[in-house]
Amino acid sequence: MNQTPVRVRIAPSPTGYLHVGTARTAIANYLFARHYGGRFLIRIEDTDVERSRSELIEPILEALKWLGLDWDEEILYQSQRTEIYNKYVQQLIDTGYAYCSYVTAEELEAARQKALAEKRSFYYRENFIQLPPEEIQRRIDAGAGYAVRLRIPEGETSFDDLVSGRISKKNEDIEDLIIARSDGTPTYNLAVVVDDHEMGITHIIRGNDHISNTFKQMHIYRALDLKIPEFGHVPLILRPDKRKVSKRLGDKDVAEYKKEGILPETMFNYLCLLGWSPKNDREIYTREELIELFDKNNFNSANAVFDEEKLLAFNHAHIQMKSDHELAVMVAPLLVDAGLTTKYWLETRWTYLRQVVAVLKERVKRLSDFVAIGGYFFSFDYKYDEQAAQKHFHPEAAGLLSELADRFEKLETFDKVSIEATLSELADEKGLKKAMLIHPTRLAVSGVSAGPGLYDLLEVLSQPVVVERMRKAVAFINRPG
RNA sequence: GACCCCAUCGUCUAGUGGCCUAGGACACUGCCCUUUCACGGCGGCAACACGGGUUCAACUCCCGUUGGGGUCACCA
């Protein structure tokens, strides 16, 4: 069997943030490495001086860390390896697999346009554009550089893809690709092959938008006489409009999901199940379970649409799996950021926060929902929901609230049992349904008509707060005008 | 347009020739639970793109059509 230890990598280019497409590829590689006891590496593809921005590297790494994708060895930066690439390029020229071309980018573009207009395909071949010897000399004298192209032989190229099986292409449909630009810098395809070889990569797991690159890269491997790794082209993640996710189309930064209150476990779980399946009916898994379950043969071949609605459902499930304490740790800074409380205040009321989280968690889809629906646990400064107030804050309600507040105030122990007993007693005395007391009370203490069970809600809020808020509501109902 | 990949409910998927009257999840929806909102439970709606083969038997295999996606840079 295969004795070589697995080595895989994710190779982001710092031309933007980390979007879900790259994140999914990263997860696939990570799972591959962790399941098969291999190594997961990172390489930064910053050979494009024009578009690469070093300040974008850190956010990308941060996003990977957030997802829990810890890497194993030092990160490789392509921008620091130009000399190495040049050595390989020179080797290809020396061995006759590559040739130099003085044709300019403009001339190529013109030829390409012409071919397009005439509805011909355009695959560049040596001497496709003939330059007279004296013109070449003139360009050399003028100090022009040359681009280096790989000569594609006749025949057919094919490989066995981990996902799609055997994929083939006629060599006449592969052009003599440029491996070094006229300014001497290497291009993507050359650098990738060289690095994957030098890093000892055994399996290249990437999006299926790279299939056409794979054919080109195979020719570089062969010309360099290097061992060709295994390829797995995983399905792409599509937007709801079926286009592939991309930064240019404004697709979200993974960090944005973090801001919106998505747990990293959720993102990891959801992204993993997009284009890959454990082949059963279960969907919610922890990271560890997915590592255990991972199977390189279970990739799907069809592209998958990213559904935020379902992501939210996954997030709800993962939030339920967290302990109240864990959730409290995550929610605390959000409350502070929202200006609902202070770090200091929370420090002395950790139990309270935990109780709040406990009664709220099952109705929360995002971490940020704790803030959105539970503000009243931390601030008296809320308005009564207008519709609910019209319905429940009628004149009789004022009397009932006042009476109930008085009785609450006299309770020696204020817990859900005594609260319910007190409320039921009053309802019985007045010959009213409990709902007649419950709704106004809920509105009085929270400002809204939806939330945790009333008895839990009141117990968590505590006796003095409840009484004060109820009396405030009475004053509100009886306000003049 | 050329080349490559792909094709089961709206979406994510299970299904590897008979277990399929096609299963699960999200969304939508009915009922139950219930003080509200959720949660939960029980139901419902909803798919094998089409046409040819192969076979006793095709969602499953082959071919074609159609459709979708991707790639066609001195970007990565």
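Letters go in sequence order (proteins before strands), and every chain restarts at 1.
Using a 4.0 Å heavy-atom distance criterion, A:Ser182 is classed as a base contact. Contact annotation for A:Arg149: backbone-only contact, meaning every heavy-atom pair under 4.0 Å involves sugar-phosphate atoms and none involves a base. A:Pro240 comes within contact range of no nucleotide atom at all, as no heavy-atom separation falls under 4.0 Å. At the heavy-atom level, A:Ser301 lies under 4.0 Å from the strands shown only through sugar-phosphate atoms. Residue A:Arg120 is out of contact with every strand shown, counting any heavy-atom pair closer than 4.0 Å. Among the protein residues, A:Tyr123 comes within range of the sugar-phosphate backbone only, with heavy atoms under 4.0 Å from sugar or phosphate atoms but none that close to a base. Using a 4.0 Å heavy-atom cutoff across all strands shown, A:Asn300 reaches sugar-phosphate atoms only and no base atom. Among the atoms of the strands shown, none is found under 4.0 Å from any heavy atom of A:Leu311. Among the protein residues, A:Thr15 comes within range of no part of the nucleic acid, since none of its heavy atoms lies under 4.0 Å from any strand. At a threshold of 4.0 angstrom between heavy atoms, the contacts of A:Ile167 are confined to the sugar-phosphate backbone, with no base atom among them. Across all strands shown, A:Thr441 has no heavy atoms under 4.0 Å from either base or sugar-phosphate atoms. A:Glu283 comes within 4.0 angstrom of a base, heavy atoms only.
When each of A:Asp46 and A:Ser121 is assigned the nucleotide of RNA chain B with its nearest heavy atom, A:Ser121 is the one assigned upstream, toward the 5' end. Two residues, A:Ala313 and A:Leu454, neighbour RNA chain B, and the one matched to the more 5' nucleotide by heavy-atom proximity is A:Ala313.
The partner of B:rC20 cannot be assigned: no Watson-Crick or G-U wobble pair with both contacts below 3.5 Å exists in any strand. In a base pair of the Watson-Crick type (N1 to N3 plus N6-O4 or O6-N4) or a G-U wobble (N1-O2 and O6-N3), with each distance short of 3.5 Å, B:rC61 is matched with B:rG53. Pairing for B:rC3 is with B:rG70, a Watson-Crick or G-U wobble pair whose two hydrogen-bonding atom distances lie under 3.5 Å. In this structure, B:rC37 makes no Watson-Crick or G-U wobble pair, since no nucleotide meets both defining distances under 3.5 angstrom. The partner of B:rA25, taking Watson-Crick or G-U wobble pairs whose two distances both stay under 3.5 Å, is B:rU11.
Distance CD (A:Glu106) to C1' (B:rA73): 12 Å, rounded to an integer number of Å. Per the geometry, CG belonging to A:Asn297 stands 13 Å off P belonging to B:rG15, to the nearest Å. In this structure, A:Asp281 atom CG and B:rC26 atom P are separated by 12 Å, rounded to whole Å. Regarding A:Lys242, its NZ atom lies at a distance of 13 Å from the P atom of B:rA7, rounded to whole Å.
Of the candidates B:rC5, B:rA76, B:rG23, the closest approach to any side-chain atom of A:Ser164 belongs to B:rC5. Among the nucleotides B:rG24, B:rA7, B:rG69, the one closest to any side-chain atom of A:Ala302 is B:rA7. Closest to the side chain of A:Ala450, from the set B:rU71, B:rC39, B:rC37, is B:rC37. Checked against B:rC4, B:rC12, B:rG23, the side chain of A:Lys310 finds its nearest nucleotide in B:rC12. When each of B:rG69, B:rC5, B:rU13 is scored by its nearest atom to the side-chain atoms of A:Asn303, the top-ranked nucleotide is B:rG69. Comparing B:rA7, B:rU13, B:rC74 against the side chain of A:Ala105 picks out B:rC74 as the nearest. Taking only side-chain atoms of A:Ala147, from C-beta outward, the nucleotide of B:rC5, B:rC74, B:rA76 with the closest atom is B:rC74. Residue A:Asp173 places its side chain closer to B:rC3 than to any other of B:rA76, B:rU11, B:rC3. Side-chain proximity of A:Lys279 to B:rC12, B:rA76, B:rA14: nearest is B:rA14.
For the 3.5 Å distance criterion, the side chains of A:Ser158 and A:Arg166 qualify, holding a donor opposite an acceptor. With hydrogens and angles left out, the side-chain atoms of A:Thr157 and A:His219 include a donor and acceptor closer than 3.5 Å. Remark: the A:Glu386 side chain and the A:Gln390 side chain contain no N/O donor-acceptor pair separated by less than 3.5 Å. Looking at A:Arg206 and A:Thr214, their side chains do bring a donor and an acceptor atom within 3.5 Å of each other.
Residues from residues 353-369 of chain A that place a heavy atom under 4.0 Å from any atom of RNA chain B, listed by number: A:Glu362, A:Arg363, A:Lys365. If you check residues 263-276 of chain A against RNA chain B, the residues with a heavy atom closer than 4.0 Å are A:Leu273, A:Leu274, A:Gly275, listed by number.
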Item to check | Stepwise ring pair (Phe, Tyr, Trp, His ring centres under 6.0 Å) check, A:Tyr123 with A:Phe128 | outcome: CA-CA 9 Å; A:Tyr123 297 111; A:Phe128 200 96; 9.6 Å; no

Item to check | Candidate pair A:Asp46 and A:Ser52, rule side-chain hydrogen bond (donor to acceptor under 3.5 Å, both in side chains), full reasoning | outcome: CA-CA 6 Å; A:Asp46 52 356; A:Ser52 293; 5.8 Å; no

Item to check | Working for salt bridge (Lys or Arg N to Asp or Glu O under 4.0 Å), residues A:Glu289 and A:Arg282 | outcome: CA-CA 12 Å; A:Glu289 288 171 327; A:Arg282 226 239 276 188; 3.4 Å; yes

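Between the OG1 atom in A:Thr266 and the NZ atom in A:Lys365 there is a gap of 12.5 Å [rounded to 0.5 Å].
Residue side chain A:Asn189 does not reach the base of B:rA76 through any donor-acceptor N/O pair under 3.5 Å, judged by distance alone.
Taking a cutoff of 4.0 Å between a charged side-chain nitrogen and a carboxylate oxygen, A:Glu118 and A:Arg120 qualify as a salt bridge.
A parallel orientation is assigned to the rings of A:Trp276 and A:Phe294, their planes being inclined by less than 30° (bins at 30° and 60°). Aromatic ring orientation, A:His439 versus A:His392: parallel (interplanar angle below 30°, classes split at 30° and 60°).
Straight-line distance between the C1' atoms of B:rG18 and B:rC26: roughly 32 Å, to the nearest whole Å. Comparing B:rU54 with B:rC62, their P atoms are spaced 15 Å from each other, to the whole Å. Across the P atoms, B:rG67 and B:rA46 are found 27 Å apart, a figure rounded to whole Å.
For the pair A:Arg139 and A:Tyr102, the NZ or CZ position fails the cation-pi test of under 6.0 Å to the six-membered ring centre and within 45 degrees of the ring normal.
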